[in-house]
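Data block below; observations after.
Predicted, not measured: the structure shown is a model, and the values here were computed from it.
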Amino acid sequence: ATATTLSTVNIVGGFIVTTKMLDMFKRPDDPPEYYHLYGIPAAGALGLYGAASLSGKFPQIDVAAGTLAGLLCVGGIGGLSSQKTARLGAVSGQLGVGFGVASTLGHLSPSLGTTAQIAGFMALGGAAGHYIGHRVEPTSLPQTVAAFHSLVGIAASTAAVGDYFNTEDIAQLDKVHLASIYLATVIGSVTTTGSLVAFGKLDGRMGSAAYQHPARDQINMGLGAATLGAGAIVMGGPEAGVGLAALGGALTTSGMLGWHMTASVGGADMPVVITVLNSYSGWALCAEGFMLDMPLLTTVGALIGCSGAALTKIMCDAMNRDIVSVLLGGYGTKATGGGAAKKFEGEAKTTTVDEVVKLLVDSESIIIVPGYGLAVAKGQYPLKDLVEMLTKAGKKVRFGIHPVAGRMPGQLNVLLAEAGVPYDIVEELEEINDDFKDTDVALVIGANDTVNSSAEEDPNSQIAGMPVLRVWNAKNVIVMKRSLAAGYAGVDNPVFLKENTDMLLGDAKDTCEKLAAGVKAFL
């Protein structure tokens, strides 16, 4: 019951959030869309499947429906890789889940009473998911994703423990089944506690700094050894009481391990943690597929696990971080030296809104680099107004987005899309980094670590070797921040002290509104 309810919360809420995010990229002049018409052949196919299943004449129809569901989910992930096919990918994924639910019910052939109970739990979870999904804003997307991952972990662990508990004769379970129960329990538990800690850090309910216990590595090794030891007992197929106690022990120690490892990760590495937890949730689902003899769960779980692992690799490369170091709470990048970080001397210069307005009006080429500070201040709408006025005045205005800007991959892209910024002027780091030297003004709004020159200038910096946007190469750099404090990684930024940099301190939304009003009056 718990697994069914929480899984439905995750599914419904996840699809609603996905649709909301995609809607933000729509433009008034986009052609009309008719993706809802795919529901007609889908309903027809479900009807044919239902009739064939009830007839009892086609014993392989459930497997065929599950295969179709898996293919639709694979197509959904593939479609989301491109802006042009993203909406079709979302529809494909939704249809895949629908066929997956139908084929699962067909495979289980539950009684009428059990079916009614399942429908009730799914309705409850769907209502909760619908409520949560519609309340999510781009600024709270990272913590919402983390919370959804925790639901997947709880569902996997409870389903695994329930399967073991309800088995009449443990001795009859083969090693594959026992291993699947153990892995689903452990991975689900790690995912749950790790996701809850990530949620707490991202939502500001916990400090973003890494938890630094002197015996951190020893604690991790001890909890890992205890979890493996409990797994060995479970795999031995003991009598039910001993086996259940061992499985409960593995559940507890792995949960503690997930909590401690995630708490030991600093806030700057949270984008990587989010993708790792996404991968974990997929592997937990994969283990459930083996446990329940449901190839569809195995297929979809492997799909999520592999895609999450691939995204983790992309994030680590974008930060020049080693995944093992991230997970074990290590500091620094793969290029960080062993010495002390440089101490940058100098004093930051401040400027005024009027001076920045004049600078923007006199410039021809402007690159705007947004960061999480823009999201927190909800300054995307006045920023969009500013960009529109500058563009109409003949200025070349573009956005430069770092792969790990914000608290999760793509958060700033979604934020700008929500405000209606044309996505053809939003460019990635690799596309725009060489253009700063030919740019009149680099306007940095709420970004810090992603524009920190110490990544290239100081081999002993904690972010040494991390790819950054080279804003300091522009003729003029304007940095909009609330204060001169360090960024999420806690590393001082020498860009603030450079000759061509001026600091415009204040709330990003308020400052963008003043800049937009000033430019409008000037033009």
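In this structure, Ile274 and Met315 have side chains that are not in contact, with every pair of non-hydrogen atoms separated by 4.5 Å or more. Annotation: side chain of Trp283 is not in contact with side chain of Val190 (no heavy-atom distance under 4.5 Å). Val387 is listed as a side-chain neighbour of Ile425, based on a closest heavy-atom distance under 4.5 Å. You'll find the side chain of Phe199 stays beyond 4.5 Å of the side chain of Met206, heavy atoms only. Proximity of Tyr372 to Asn448: side-chain heavy atoms (C-beta onward) are nowhere separated by under 4.5 Å. His402 is listed as a side-chain neighbour of Met466, based on a closest heavy-atom distance under 4.5 Å. You'll find the side chain of Thr18 stays beyond 4.5 Å of the side chain of Gln94, heavy atoms only. Side-chain contact between Met235 and Lys175 is present, with at least one heavy-atom pair separated by less than 4.5 Å.
Side-chain N or O atoms of Thr193 include one that pairs as donor or acceptor with a backbone N or O of Gly255 at under 3.5 Å. Side-chain N or O atoms of Ser111 include one that pairs as donor or acceptor with a backbone N or O of Thr114 at under 3.5 Å. Judged by distance alone, with hydrogens and angles left aside, the side-chain atoms of Asn433 form a donor-acceptor pair with the main-chain N or O of Arg470 at under 3.5 Å. For Asp203 (side chain) and Arg205 (main-chain N/O), no donor-acceptor pair under 3.5 Å exists by modelled atom type. For the pair Thr167 (side chain) and Asp163 (backbone), a donor-acceptor distance under 3.5 Å is present. Put simply, the side chain of Ser281 gets close to the backbone of Asn278: a donor and an acceptor are under 3.5 Å apart. Between the Thr299 side chain and the Pro295 main chain, a donor and an acceptor come within less than 3.5 Å of each other. Checked by atom type and distance alone, the side chain of Ser109 pairs as donor or acceptor with a backbone atom of Gly106 at under 3.5 Å. Without hydrogens or angle criteria, Ser140 side chain to Val136 main chain gives no donor-acceptor distance under 3.5 Å. Ser150 places a side-chain N or O within 3.5 Å of a backbone atom of Ala147 that can act as its donor or acceptor partner.
For Val468 against Ala455, the heavy-atom pair with the smallest separation is CG1-CB, 3.8 Å. Counting all heavy atoms, side chain and backbone alike, Ala146 lies closest to Ala198 at CB-CB, 4.1 Å. In plain terms, the two heavy atoms of Ser189 and Ser157 that are nearest each other are N-OG, 3.1 Å. Summarising the geometry of Ser195 relative to His149, their closest heavy-atom pair is OG-CB, 3.2 Å, with the distance given to 0.1 Å. Smallest separation of non-hydrogen atoms from Ala69 and Phe99: CB-CB, 3.7 Å. Closest approach of Ile118 and Thr4 over heavy atoms only: O-CG2, 4.3 Å.
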So Gln411 and Val414, side-chain contact (heavy atoms from CB on, under 4.5 Å) or not? Walk me through it.
CA-CA 5 Å; Gln411 185 182 11; Val414 171; 5.9 Å; no
Show, in sequence, the C-alpha distance, side-chain angles and deciding distance for Asn413 and Tyr423, and conclude whether the side-chain contact (heavy atoms from CB on, under 4.5 Å) test is met.
CA-CA 8 Å; Asn413 301 73; Tyr423 47 77; over 6 Å; no
Evaluate Leu277 against Phe148 for side-chain contact (heavy atoms from CB on, under 4.5 Å), listing each step before the verdict.
CA-CA 10 Å; Leu277 292 170; Phe148 279 161; over 6 Å; no
side-chain contact (heavy atoms from CB on, under 4.5 Å) assessment of Phe121 paired with Thr2
CA-CA 8 Å; Phe121 291 132; Thr2 301; over 6 Å; no
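Separation of atoms CG (Leu416) and CG (Leu374) is listed at 7.0 Å; rounding is to 0.5 Å. Here Ile368 contributes atom CD1 and Cys512 contributes atom SG; the two are 8.0 Å apart, rounded to the nearest 0.5 Å. The NE2 atom of His107 lies 5.5 Å from the CG atom of Asp293; values are rounded to the nearest 0.5 Å. Here Arg398 contributes atom CZ and Thr391 contributes atom OG1; the two are 11.5 Å apart, rounded to the nearest 0.5 Å. For the atom pair CD of Gln380 and NZ of Lys384, the computed distance is 11.5 Å after rounding to the nearest 0.5 Å. From Met256, atom CE reaches atom CG of Asn220 across 11.0 Å, with rounding to the nearest 0.5 Å.
Counted within 6.0 Å of CE on Met389, heavy atoms from surrounding residues, nucleotides or ligands total more than 12; the atom is thus considered enclosed. Few gaps surround NZ on Lys20; more than 12 heavy atoms of other groups in view lie less than 6.0 Å from it. Heavy-atom neighbours of Phe290 CZ from other residues, nucleotides or ligands within 6.0 Å: at or below the threshold of 12. Counted within 6.0 Å of CG on Leu112, heavy atoms from surrounding residues, nucleotides or ligands total 12 or fewer; the atom is thus considered open.
Of the options Thr298, Thr185, Ile181, Leu183, a side-chain contact (heavy atoms from CB on, under 4.5 Å) to Met291 is made by Ile181 and by none of the others. The only member of Ile445, Ile367, Val421, Ile366 that meets side-chain contact (heavy atoms from CB on, under 4.5 Å) when paired with Phe399 is Val421.
Ring-plane geometry between Tyr35 and Tyr38 is classed as parallel, the angle between the planes falling under 30 degrees on a 0 to 90 degree scale with a further cut at 60.
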